[in-house]
Peer 1: 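Below are the structure tokens for one structure; questions will follow.
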Amino acid sequence: MAPTAELLGLRVVLADDDPGRSEAIAHDLRSRGADVLVTDLDPNDVRMARMRAADPAVLLVGEAQLQATGYALVRRMQRDVRLRWTSLLLAEWSELWSDSAVSDSAVSDSAVSDSAVSDSLATALKRLTEPERELRTKAEASEPFEAQLETIGPARTLRALGAVPAGLRVTVSTPLLEVELDLADGLVVGALARPAQGGGQHLEGTEALAGLLQLDRGRV
């Protein structure tokens, strides 16, 4: 199946307690262009570090699993500065998983429906990433615009704006900190952070970006 524009590059963490099911569904989503990281419901520190590095936009987890150990995972992510902005998508696995006989190590095309399952997941995933597309659309219009940082968080905001082909000057303002970013060709080519009230220490480069990623609200 060819990757679709809706899912191309979408970063998803799939958390489940059934390795065969999770790998089959991950395989289906990857065939549509999504970047999927599979984890168990109680990831160790190494897996959590991989999740932070993946910077997911969506956490996909089963409704039944959320009522069990999955709830602890969600709470753990909400306490993490990088992962707390991940959108939660609940799935009813009985509607997606049709072949329980598939072994844990195998990925079968019959395990996931070719149409209903993929289409329903794609629709839900697309809906959760709509704010990022809206932000890119505003930025691509080459006109001044405003947005709220808390809509999708600093990391997802930065990724969305970094996908704009044209160079951008972005200012993030909060009562305590103001951050200026220069973006070009998908890269941050300049970053400066300073106290909003003047005075104090100015931060540049990676230190300014680190300050941005700590923010939980602001005007973009």
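All residue numbers in this chain count up from 1 along the given sequence. Please read these numbers as outputs of a predicted model, since none were measured by experiment.
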Peer 1: Taking atom NZ of Lys138 and atom CD of Glu143, what is their separation to the nearest 0.5 Å?
Peer 2: 13.5 Å
Peer 1: Could you list the cluster mates of Leu161? Members are the ILVMFWY residues connected by side-chain heavy atoms closer than 4.5 Å, either directly or through other members.
Peer 2: Leu135, Phe145, Leu149, Ile152, Leu158, Val164, Leu168, Val170, Val172, Leu177, Val179, Leu181, Leu183, Val188, Leu209, Leu212, Leu215, Val220
Peer 1: Ion pair present between Arg127 and Glu130, side-chain N to carboxylate O less than 4.0 angstrom?
Peer 2: no
Peer 1: Taking it one step at a time, do Gln65 and Asp16 satisfy side chain to side chain contact (heavy atoms under 4.5 Å, CB included)?
Peer 2: CA-CA 7 Å; Gln65 284 68 29; Asp16 195 16; 3.8 Å; yes
Peer 1: Quick one: does Thr69's side chain get under 4.5 Å of Asp42's, heavy atoms only?
Peer 2: no
Peer 1: Between Trp85 and Pro154, what is the shortest heavy-atom contact and its length?
Peer 2: NE1-CD, 3.3 Å
Peer 1: Assess whether atom CZ of Arg84 is packed by more than 12 heavy atoms of other residues, nucleotides or ligands within 6.0 Å.
Peer 2: yes
Peer 1: Just how far is it from atom CD of Glu63 to atom CH2 of Trp93, taken to the nearest 0.5 Å?
Peer 2: 10.0 Å
Peer 1: Using a strict threshold of under 4.0 Å (side-chain N to carboxylate O), is an ion pair present between Arg76 and Asp45?
Peer 2: yes
Peer 1: Could you name each residue pair satisfying side-chain hydrogen bond (donor to acceptor under 3.5 Å, both in side chains) that touches residues 202-219, not counting sequence neighbours?
Peer 2: Glu146-Arg219
Peer 1: Give the minimum heavy-atom separation between Asp18 and Gly20, together with the two atoms involved.
Peer 2: OD1-N, 3.1 Å
Peer 1: Is Asp40 close to Pro43 at the side-chain level, that is, under 4.5 Å between some pair of heavy atoms?
Peer 2: yes
Peer 1: Looking at every heavy atom in both Thr86 and Pro56, which two are closest together, and how far apart are they?
Peer 2: OG1-O, 3.3 Å
Peer 1: Please list, chain by chain and in numerical order, all residues satisfying side-chain contact (heavy atoms from CB on, under 4.5 Å) with Thr137, sequence neighbours excluded.
Peer 2: none
Peer 1: Tell me the closest heavy-atom pair linking Ala57 and Leu10, and the distance in Å.
Peer 2: CB-CD1, 4.0 Å
Peer 1: In the hydrophobic clustering (ILVMFWY, side-chain contacts below 4.5 Å, transitive), which residues join Tyr71, or is it alone?
Peer 2: none
Peer 1: Check whether Arg156 reaches the backbone of Glu132 with its side chain - one donor and one acceptor, N or O, closer than 3.5 Å.
Peer 2: no
Peer 1: For residues 186-195, which residue pairs qualify under side-chain hydrogen bond (donor to acceptor under 3.5 Å, both in side chains), counting only residues two or more places apart or in two chains?
Peer 2: Glu178-Arg194, Glu180-Arg194
Peer 1: With sequence neighbours excluded, tell me which residues meet salt bridge (Lys or Arg N to Asp or Glu O under 4.0 Å) with Asp35.
Peer 2: none
Peer 1: Which residues end up grouped with Met77 if you chain together Ile, Leu, Val, Met, Phe, Trp and Tyr wherever their side-chain heavy atoms are less than 4.5 Å apart?
Peer 2: Val13, Leu37, Leu41, Met48, Met51, Leu59, Val61, Leu66, Leu73, Val74, Leu83, Leu88, Leu90
Peer 1: According to side-chain contact (heavy atoms from CB on, under 4.5 Å), who are the partners of Ala184, at least two apart in sequence or on a separate chain?
Peer 2: Val189
Peer 1: If you measure from CG on Leu14 to CD1 on Ile25, what distance do you get to the nearest 0.5 Å?
Peer 2: 6.5 Å
Peer 1: Under the side-chain contact (heavy atoms from CB on, under 4.5 Å) test, which residues partner Asn44, sequence neighbours left out?
Peer 2: Val46, Arg47
Peer 1: Considering only Ile, Leu, Val, Met, Phe, Trp and Tyr, and joining two whenever side-chain heavy atoms are under 4.5 Å apart, list the other residues clustered with Leu192.
Peer 2: none
Peer 1: Which value, rounded to the nearest 0.5 Å, describes the distance between Leu60 atom CG and Leu125 atom CG?
Peer 2: 7.0 Å
Peer 1: Which heavy atom of Pro175 sits nearest a heavy atom of Gln197, and at what distance?
Peer 2: O-NE2, 3.4 Å
Peer 1: Roughly how far, to the nearest 0.5 Å, is the OG1 atom of Thr157 from the CD atom of Glu150?
Peer 2: 9.0 Å
Peer 1: Tell me every residue that passes side-chain hydrogen bond (donor to acceptor under 3.5 Å, both in side chains) with Arg75, counting only those two or more places apart in sequence or in another chain.
Peer 2: Gln78
Peer 1: Looking at Gln201 and Pro195, what are the two nearest heavy atoms and their distance?
Peer 2: O-CD, 3.5 Å
Peer 1: Can you list the residues that meet the side-chain contact (heavy atoms from CB on, under 4.5 Å) rule with Ala208, with sequence neighbours excluded?
Peer 2: Ala191, Ala193, Leu203
